[in-house]
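Heads up, the thing below is written out as structure tokens.
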Amino acid sequence: MEIRIKNIRKEFDRFPALHDVSLDIRSGELIALLGPSGSGKTTLLRLVAGLEQATTGRIFFGEEDASWKPVQERNVGFVFQHYALFRHMTILDNIAFGLTVRPKATRPPKQEIRRRALELIDMVQLTGLEKRYPNQLSGGQRQRVALARAMAIEPRVLLLDEPFGALDAKVRKELRKWLRDFHDRTGHTTIFVTHDQEEALELADRVVVMSQGKIEQIGSSDDVYDRPNSPFVFSFIGDSVELPVAGANGQTLYNGAPVGIASSADGPGQLFFRPADAELVSEGAGVTGTVTGLRRLAGTRIIELDVGIKGEPRLIEIEVPLEAQVSKGQAVTFRPARWKVFQG
């Protein structure tokens, strides 16, 4: 099911939670809405579900305008962070619930409901647990039950709101791989909300990075990590270093000295790079600082540098090979191998 979100604005008591948001989602695509708290990602998900109505703008499911359809008519499956399972029902009954409460005219026969629920239990790898209750399952198992229950109604769209937020790191990692495999088998159009960048980059076909009610960037994991298009995206996704620079005579200057990067415009700017992209140099242009700390991180060494301006300390961290000969108190010079300068 293709989804088209056109110029959506949402206000709560005249406070704008979303500003003119547009997004096209391809049929069968797995999309991540990624951003910090208050960025508008959950509001956008609830608008697609029909749990909220837009102040202005339209939402299309295929060619159908679903903007004013209630949630009951949108046929979406919704999975919440805290499972929302019925504690007094068995796993089988939880999964079958959405079918058993359908109007009589569209309700499948009891045997068909049971068959479909058991099929889903097998699909989410919980065979043999259908008679258990939610409190007899682990957190990861309960979340799989919640997903199976959402799938039971054969939704056109699957929506997940921080689905792994209540789980510990190890279980989250296991479920991420499982959800990607599950999505590839079923082929549903899926939108999930997360503030966890690792989760978004690993799972999604495309990542929608949001901030303050607007979309900052849409792209593949490689796009948003390797080619961020704004200071926010660069600083929010992955580790980054930011330095105030100036362009002059075709060169980029930090603290008045060239850093070995060409400049296409004169005036102030912000230099961004990843700590892993810093390369130590023994001569020529670069950023010079004093080593204030060292620590090992797996196969690399993290150097803390003071690259202060006019006597004001400014601490940054860069990664260097383990064999790099550096020590505390030493002056070192580096250049970023990959970078982005945002002017203004």
Side-chain angles (χ1 to χ4, degrees), residues 34 168-170 172-174 176-177 196-204 207 209 217 219-248 250-264 269-342:
L34 173 67
D168 64 48
K170 184 174 184 295
R172 286 175 75 122
K173 195 158 190 174
E174 291 170 354
R176 284 206 296 265
K177 183 179 184 306
D196 185 324
Q197 54 186 268
E198 184 180 310
E199 196 165 275
L201 296 177
E202 181 180 336
L203 266 175
V207 179
V209 185
Q217 186 170 351
S220 67
S221 298
D222 289 344
D223 288 333
V224 298
Y225 187 87
D226 294 328
R227 294 174 288 279
N229 65 0
S230 71
F232 172 80
V233 177
F234 215 126
S235 59
F236 182 70
I237 294 182
D239 294 329
S240 65
V241 177
E242 175 189 357
L243 293 175
V245 294
Q251 296 190 79
T252 300
L253 309 177
Y254 174 71
N255 206 8
V259 299
I261 295 172
S263 175
S264 58
Q270 297 163 284
L271 168 65
F272 283 85
F273 62 92
R274 306 290 184 196
D277 290 331
E279 296 180 344
L280 296 181
V281 293
S282 57
E283 56 184 24
V287 177
T288 299
T290 302
V291 178
T292 58
L294 296 161
R295 70 179 189 277
R296 178 168 177 160
L297 180 65
T300 63
R301 196 175 305 283
I302 307 298
I303 300 180
E304 183 184 78
L305 286 176
D306 183 356
V307 294
I309 301 175
K310 297 176 182 177
E312 290 293 322
R314 186 181 188 95
L315 299 179
I316 65 170
E317 290 186 346
I318 62 172
E319 292 183 31
V320 298
L322 285 177
E323 61 271 19
Q325 298 298 308
V326 292
S327 57
K328 198 169 181 179
Q330 179 183 346
V332 298
T333 301
F334 72 89
R335 276 197 301 265
R338 293 195 298 175
W339 69 89
K340 179 83 172 181
V341 175
F342 297 98

Measure across [X] and [Y] and return the closest heavy-atom pair with its distance rounded to 0.1 Å.
X      : Y      : answer
Ala324 : Leu280 : CB-CD1, 4.2 Å
Val207 : Ser221 : CG2-OG, 4.3 Å
Pro244 : Tyr254 : O-CD1, 3.2 Å
Ala285 : Pro258 : CB-O, 3.4 Å

Query raised in the report: Is a donor on one side and an acceptor on the other found under 3.5 Å between the side chain of Ser327 and the backbone of Gln330?
Result: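 No.
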Query - Heavy-atom donor-acceptor pair, Gln197 side chain to Gly238 backbone, under 3.5 Å - result: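 Yes, the answer is positive, given that a donor and an acceptor are paired below the 3.5 Å cut-off.
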Using the test salt bridge (Lys or Arg N to Asp or Glu O under 4.0 Å), find all partners of [X] that sit at least two apart in sequence or belong to another chain.
X      : result
Lys177 : Asp181
Asp306 : none
Arg314 : none

Requested in this report: Hey, could you give me each pair passing side chain to side chain donor-acceptor pair (under 3.5 Å) that has a residue in residues 280-297? Not counting sequence neighbours.
Outcome: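 Pairs touching residues 280-297 that pass the test: Thr288-Thr333, Thr292-Glu304, Arg295-Glu317.
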Requested in this report: Please list all pairs passing the side chain to side chain donor-acceptor pair (under 3.5 Å) test where one or both residues lie in residues 231-248, with sequence neighbours left out.
Outcome: Glu242-Gln270
Nearest 0.5 Å, what's the [atom1]-[atom2] distance between [X] and [Y]?
X      : Y      : atom1 : atom2 : result
Phe234 : Asn229 : CZ    : CG    : 11.5 Å
Gln217 : Arg227 : CD    : CZ    : 9.0 Å
Leu243 : Leu271 : CG    : CG    : 5.5 Å
Leu201 : Leu34  : CG    : CG    : 7.0 Å

With sequence neighbours excluded, tell me which residues meet side-chain contact (heavy atoms from CB on, under 4.5 Å) with [X].
X      : value
Arg338 : Asp226, Asp277
Asp196 : Arg172, Arg176, Thr194, Glu198, Glu199
Glu319 : Pro275, Ala276, Thr300, Ile302
Thr252 : Val245, Val259, Ile261, Ser263

Query - Residue pairs involving residues 273-331 (criterion ring pair (Phe, Tyr, Trp, His ring centres under 6.0 Å); sequence neighbours excluded) - result: Phe273-Phe334
Report task. Please examine the side chains of Val307 and Asn255, heavy atoms only from C-beta on, and report whether any two atoms are closer than 4.5 Å. Result ->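 No - every pair of side-chain heavy atoms lies 4.5 Å or more apart.
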Query - By ring-ring contact (aromatic ring centres under 6.0 Å, His included) - contacts of Phe232 (at least two apart) - result: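 Result, ring-ring contact (aromatic ring centres under 6.0 Å, His included) vs Phe232: Phe236.
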Report task. Scan residues 321-336 for pairs that pass salt bridge (charged side-chain N to carboxylate O under 4.0 Å, His left out), counting only residues two or more places apart or in two chains. Result -> none
